[in-house]
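Here is the structure we will look at.
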Amino acid sequence: MQTESDKKPPKPDCVVGIGASAGGLAAFRALLPHLPVGSGFSYVLVQHMDPDYPSTLNQILSKSTSLRIEMPTHDVPLLPDQLYITPSDKDCTVVGNELRFKSVDHIGPRHSVDGLFASLAESVGRSAVGIVLSGTGSDGCQGAHLIKAAEGLVLVQDPADAQYPGMPTAIFEARLADVIAPAARLGDELRQLAEWTVGKKKVLPLIPPGADDFDTLLQLFRRKTGFAFEQYKESTLRRRIERRMVVNKAERLEDYIAIVEASSTEADIFLKEIQISVTGFFREEHAFEALRTALKVIIAKKERDEALRIWVPGCATGEEAFSIATLVAEALGSRLSRV
């Protein structure tokens, strides 16, 4: 017989990561009153702070929302309709349905938002939402890229509304934002998107199999961008189109076609999204460790004037090639200056 203690805690329908740096407090206060309550979402908030300065954000922000607020000091399961605030001396990631913490003992630039967003992309995929608010630098941009690659959503504070526009501007210039709005409006935007998000009672708009409108849309995309989308798997295209329908609040495919036809940017946005690839420096840790060992053996056997040729297939933006070049330079050691 199952007892109360044996029951697993309910999982959130969606996990929303919220990141900020300088100027974040004002942005948080503007955002939090409008976040959906009762939606089944979990919220994880990260702000760059001095690890030696204890955070009182949980007390300050408790007046701005009716969500339950917790500032955990140890790993905890994620619960729906709860806001988790990361302590100033820790970074956090999401693994499965658990929020995990790692102590930070240095003062200086941190990529806390990137780390959180990357873990959301890996753990919850298309049920991940990243929100980037006021801050300097570009933390959150690489993580937002991964959320988009996993078919999640990215919301950004309008740089003109941010006290420090660096972080929002980085997302905007990388064309990763699904929604750009003042902080006070982002919660309402998320509330509307929640009605469309995959969950226990919510479904994405479906494109009927074999619909003539689907081919019409692909032809429209091709006319506007010059790109042949037919080379992609139909299932991938359908998922991406459905995601754009969610963002544009289009209930039917024909409604979305009308939006694409009238918009000067929607087709290019879709092209950008379909081309997003998951990459990063030394991304597959175990593979690169094996390659590091192999390269050392191969290079050690090479004569001084003997060539070494390396091909990197399907390298979209250069991270893989640069990572391998780094391993080669490492293996060459003092011989590098003579190459």
Requested in this report: Give a yes or no on this: more than 12 heavy atoms of other residues, nucleotides or ligands lie within 6.0 Å of atom CZ of Phe172.
Outcome: no

Report task. Return yes when atom CD of Glu122 has more than 12 non-hydrogen atoms of other residues, nucleotides or ligands closer than 6.0 Å, and no otherwise. Result -> no

Query raised in the report: Can you list the steps and then say if Leu153 with Ile147 is a side-chain contact (heavy atoms from CB on, under 4.5 Å)?
Result: CA-CA 7 Å; Leu153 296 170; Ile147 287 178; 5.9 Å; no

[Y] side chain reached by [X] side chain, heavy atoms, under 4.5 Å:
{"X": "Arg222", "Y": "Glu230", "result": "yes"}
{"X": "Leu186", "Y": "His34", "result": "no"}
{"X": "Leu61", "Y": "Leu45", "result": "yes"}
{"X": "Pro87", "Y": "Phe101", "result": "yes"}
{"X": "Pro36", "Y": "Leu190", "result": "yes"}
{"X": "Asp91", "Y": "Thr86", "result": "no"}
{"X": "Val129", "Y": "Leu193", "result": "no"}
{"X": "Leu217", "Y": "Phe229", "result": "no"}

Looking only at heavy atoms, which two atoms of [X] and [Y] are closest? And how far apart?
{"X": "Ala177", "Y": "Ile180", "answer": "CB-CG1, 3.6 Å"}
{"X": "Ile69", "Y": "Thr65", "answer": "CD1-CG2, 3.7 Å"}
{"X": "Arg240", "Y": "Ala149", "answer": "NH2-O, 3.2 Å"}
{"X": "Gly143", "Y": "Asp114", "answer": "N-OD1, 2.8 Å"}
{"X": "Ala121", "Y": "Ala128", "answer": "N-CB, 4.5 Å"}
{"X": "Ala144", "Y": "Ile171", "answer": "CB-CD1, 3.7 Å"}

How long is the gap from [atom1] on [X] to [atom2] on [Y], to the nearest 0.5 Å?
{"X": "Leu99", "Y": "Leu79", "atom1": "CG", "atom2": "CG", "value": "10.5 Å"}
{"X": "Leu327", "Y": "Phe322", "atom1": "CG", "atom2": "CZ", "value": "11.0 Å"}
{"X": "Arg243", "Y": "Ile274", "atom1": "CZ", "atom2": "CD1", "value": "13.5 Å"}
{"X": "Leu67", "Y": "Ser39", "atom1": "CG", "atom2": "OG", "value": "8.0 Å"}
{"X": "Arg126", "Y": "Cys14", "atom1": "CZ", "atom2": "SG", "value": "11.5 Å"}
{"X": "Ile257", "Y": "Phe214", "atom1": "CD1", "atom2": "CZ", "value": "10.0 Å"}

Requested in this report: Walk me through it: do Lys90 and His74 pass the test side-chain contact (heavy atoms from CB on, under 4.5 Å)?
Outcome: CA-CA 10 Å; Lys90 297 184 186 297; His74 53 82; over 6 Å; no

May I ask you to decide if [Y]'s main-chain N or O and [X]'s side chain share a donor-acceptor pair within less than 3.5 Å?
{"X": "Lys224", "Y": "Val260", "result": "yes"}
{"X": "Asp81", "Y": "Gly40", "result": "yes"}
{"X": "Gln157", "Y": "Ser134", "result": "yes"}
{"X": "Thr225", "Y": "Asp268", "result": "no"}
{"X": "Gln231", "Y": "Ala228", "result": "yes"}

Assigning hydrophobic clusters by single linkage (Ile, Leu, Val, Met, Phe, Trp, Tyr; side-chain heavy-atom cutoff under 4.5 Å), is [X] placed with [Y]?
{"X": "Leu237", "Y": "Tyr256", "answer": "yes"}
{"X": "Tyr84", "Y": "Val95", "answer": "no"}
{"X": "Leu57", "Y": "Leu133", "answer": "yes"}
{"X": "Leu220", "Y": "Ile269", "answer": "no"}

**Report entry** Set of salt bridge (charged side-chain N to carboxylate O under 4.0 Å, His left out) partners for Asp161, sequence neighbours left out
**Finding:** none

Query raised in the report: Considering residues at least two apart in sequence or located in another chain, which fulfil the salt bridge (charged side-chain N to carboxylate O under 4.0 Å, His left out) criterion with Arg244?
Result: Asp178, Glu266, Glu273

Side-chain atoms of residues 15-30: list all donor-acceptor pairs with protein atoms under 3.5 Å, sequence neighbours left out, distances to 0.1 Å.
{"unit_1": "Ser21", "atom_1": "OG", "unit_2": "His48", "atom_2": "ND1", "d": "3.1"}

**Report entry** Salt bridge Asp188-Arg191, side-chain N to carboxylate O under 4.0 Å
**Finding:** yes

Query raised in the report: Should the pair Glu242-Arg239 be classified as a salt bridge under the 4.0 Å nitrogen-to-oxygen rule?
Result: no

Report task. Please lay out, stage by stage, how Leu83 and Leu32 fare under the test side-chain contact (heavy atoms from CB on, under 4.5 Å). Result -> CA-CA 10 Å; Leu83 172 66; Leu32 262 59; 3.6 Å; yes

Report task. May I have the step-by-step check of side-chain contact (heavy atoms from CB on, under 4.5 Å) for Leu35 and Phe41, ending in yes or no? Result -> CA-CA 10 Å; Leu35 287 177; Phe41 289 7; over 6 Å; no

